[in-house]
Amino acid sequence: MDSALLGPAASNGAAGVGSAAARSRSFDATADLDRGRDEGGLALQLAFLGMATLGFNRTRVAGLAVSDLLFMACGLVVVIKLLAGDTRDLAAPSARRTSSLVLVGAVLLLTFGTLSSLRSWDPLGSMQVVLRFGWLTLVWFWILRLAARNRSALYRLLSGWRIAILVSAFLAVIGQLGLWSGGLYEGENRQMAFFFHPNELASLLVFGLPLIVFDVPRRPGKEASTLRRVVLTGFVAWAVMATGSMTAFFTAIVGLTVGAIAIPLTRGRYRIRRHTGFVSVGLGTLAVVGLFFASNSELPVFQRFTRFEQGDSGIENSIEARAEWNQAVIDHLDETLFVGVGL
């Protein structure tokens, strides 16, 4: 074989080994630099803090939530970096473009939302909802795409979201235990943490529940911890019940059922044969027992179910008001088929 292909001669293949070691050190150094940029980039750090403070919606600065201000600051940093040509900490150009389907859907939603707002019962309030949709679909998604330059950065953003979920759940649980009264909803024994209404807290918890059920994010190559899944899922479910939201309670049950079905489908066949049956039966039994004890406790969601069965006027009025609004929309559907009556 031509010696030029092997490099300079060396005893016992030392040159080949040295070359491989040098390449390995070079790769490790590059990986370290990538990790450093992921951990230290200002845009990513601001986006991470924005995700982690999603639960502090009641804390306002100039009328805006703390998370919104952090995301706006992140967007400003991203724009400055793009104008300056410093895109080392940002996603590749191909990842910055909005999906065509998302863009079309956002434009349709904003167009018809605006037209609908002009005929709504509360035009100003409806337009605020339209603007919020515009901020989320066209600006917020774009900011997160640029900040999440690779999988490591994406996992960091998901970690921030997970922190927001667990912190809000912790506040709801300690409030339910009587250790903190700052998140108690006036007039009812319902927990809202740092939100304006318990249903807002319930939405955050339910939407983020898949992160807890699937133990996401976690280090690449690391197995999901069944114990951590069970403990944290039960903890978040407890917080959902502490909000007193009946809709969120049923949504959580559906989500947990789907998760219980999906988890085995994402695992190898060998592991399914060896462990899935035992684990599924054990977790199913634990869930039923836990639900039984919870239903006989003082958790707000079960109190509200009991009050509803007893004809509580407050709960019945809430349900009837929603039914009236829905019926009003249905009755005028032929008049507002395309633009509706506001958001």
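Computed over heavy atoms, backbone and side chain alike; hydrogens, waters and symmetry mates excluded.
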Exercise. Of all the heavy-atom pairs spanning Ala239 and Ala172, show the shortest one and how long it is.
Key: CB-CB, 4.0 Å
Quiz item: Between Asp89 and Leu42, is a side chain to side chain contact (heavy atoms under 4.5 Å, CB included) present by the stated rule, with each step listed?
Solution: CA-CA 8 Å; Asp89 297 330; Leu42 181 58; over 6 Å; no
Self-check item: Evaluation steps, side chain to side chain contact (heavy atoms under 4.5 Å, CB included), between Ile174 and Leu171
Solution: CA-CA 5 Å; Ile174 63 173; Leu171 294 174; 4.2 Å; yes
Quiz item: Between the side chain of Thr53 and the main-chain N/O of Gly50, is any donor-acceptor distance below 3.5 Å?
Solution: yes
Exercise. Report the relative orientation of the aromatic rings in Phe194 and Trp180; use parallel for angles under 30°, tilted for 30 to 60°, perpendicular for over 60°.
Key: tilted
Quiz prompt | Test log, rule side chain to side chain contact (heavy atoms under 4.5 Å, CB included), inputs Arg145 and Val78 | solution = CA-CA 11 Å; Arg145 277 200 305 273; Val78 166; over 6 Å; no
Quiz item: Can any side-chain N or O of Arg190 pair as donor or acceptor with the backbone N or O of His197 at less than 3.5 Å?
Solution: no
Practice problem: Identify the heavy atoms of Ser117 and Ser126 that sit nearest to each other, and give their distance. | Solution: OG-OG, 2.8 Å
Quiz item: What are the two closest heavy atoms between Leu44 and Arg156, and how far apart are they?
Solution: CD2-CD, 3.8 Å
Quiz item: Can you tell me if CZ on Arg151 sees more than 12 non-hydrogen neighbours from other groups inside 6.0 Å?
Solution: no
Exercise. Check whether any side-chain N or O of Arg60 sits under 3.5 Å from a backbone N or O of Asn57 as a donor-acceptor pair, and report yes or no.
Key: yes
Exercise. Report yes if the side chains of Val236 and Leu166 come closer than 4.5 Å at any heavy-atom pair, otherwise no.
Key: yes
Quiz item: When rounded to the nearest 0.5 angstrom, what distance separates CE in Met127 from CG in Leu118?
Solution: 7.5 Å
Quiz prompt | Rounded distance (nearest 0.5 Å) linking atom CE of Met192 with atom CG of Asn199 | solution = 11.5 Å
Practice problem: Please check if atom CZ in Phe207 has more than 12 non-hydrogen atoms from other residues, nucleotides or ligands closer than 6.0 Å. | Solution: no
Practice problem: Classify the angle between the aromatic ring planes of Phe305 and Phe302 as parallel (below 30°), tilted (30 to 60°) or perpendicular (above 60°). | Solution: tilted
Exercise. Indicate the atoms forming the closest heavy-atom contact of Leu205 with Thr243, along with that distance.
Key: CD1-CG2, 4.4 Å
Quiz item: How many angstroms lie between atom CG of Leu209 and atom OG1 of Thr251, to the nearest 0.5 angstrom?
Solution: 10.5 Å
Self-check item: Arg229/Val213 under side chain to side chain contact (heavy atoms under 4.5 Å, CB included): CA gap, chis, key distance, verdict
Solution: CA-CA 6 Å; Arg229 281 177 172 177; Val213 173; 5.9 Å; no
Self-check item: Hydrophobic cluster membership, Val139 vs Leu64, 4.5 Å side-chain cutoff
Solution: yes
Exercise. Using a strict cut-off of less than 4.0 Å between a Lys/Arg side-chain nitrogen and an Asp/Glu carboxylate oxygen, indicate whether Asp215 and Arg162 qualify as a salt bridge.
Key: yes
Exercise. Locate the shortest heavy-atom distance separating Phe195 from Leu54; write the atom from each residue and the value.
Key: CZ-O, 3.7 Å
Quiz item: According to a 4.5 Å side-chain heavy-atom criterion applied to Ile, Leu, Val, Met, Phe, Trp and Tyr, with indirect links allowed, do Val173 and Tyr185 form part of one hydrophobic cluster?
Solution: no
Quiz item: Hey, what do you get for CG (Leu232) to CH2 (Trp238), rounding to the nearest 0.5 Å?
Solution: 13.5 Å
Self-check item: Side-chain touch Phe71/Met51, heavy atoms, less than 4.5 angstrom
Solution: yes
Quiz item: Is there a side-chain contact between Gln128 and Asp122, using heavy atoms and a 4.5 Å cut-off?
Solution: no
Exercise. Identify whether Leu157 and Leu204 are in the same connected component of the hydrophobic contact network (ILVMFWY, side-chain heavy atoms under 4.5 Å).
Key: yes
Quiz item: Transitively linked via ILVMFWY side-chain contacts under 4.5 Å: Met72 with Leu82?
Solution: yes
Self-check item: Min side-chain heavy-atom separation Leu90-Arg149 under 4.5 Å
Solution: no
Quiz item: Which distance, rounded to the nearest 0.5 Å, do you find between the CG of Leu69 and the CG of Leu46?
Solution: 11.0 Å
Exercise. Treat each ILVMFWY residue as a node, draw an edge where side-chain heavy atoms are under 4.5 Å apart, and state whether Val240 and Val254 are in one component.
Key: no
Practice problem: Please name the pair of heavy atoms, one in Ala47 and one in Leu144, separated by the smallest distance, quoted to 0.1 Å. | Solution: CB-CD2, 4.3 Å
Quiz item: If you measure from CD1 on Ile212 to CZ on Phe235, what distance do you get to the nearest 0.5 Å?
Solution: 10.0 Å
Quiz item: Can you find a heavy atom in the side chain of Pro300 that is under 4.5 Å from one in the side chain of Gln176?
Solution: yes
Quiz item: Should Ser245 and Pro198 count as side-chain neighbours, where that means a heavy-atom distance under 4.5 Å?
Solution: no
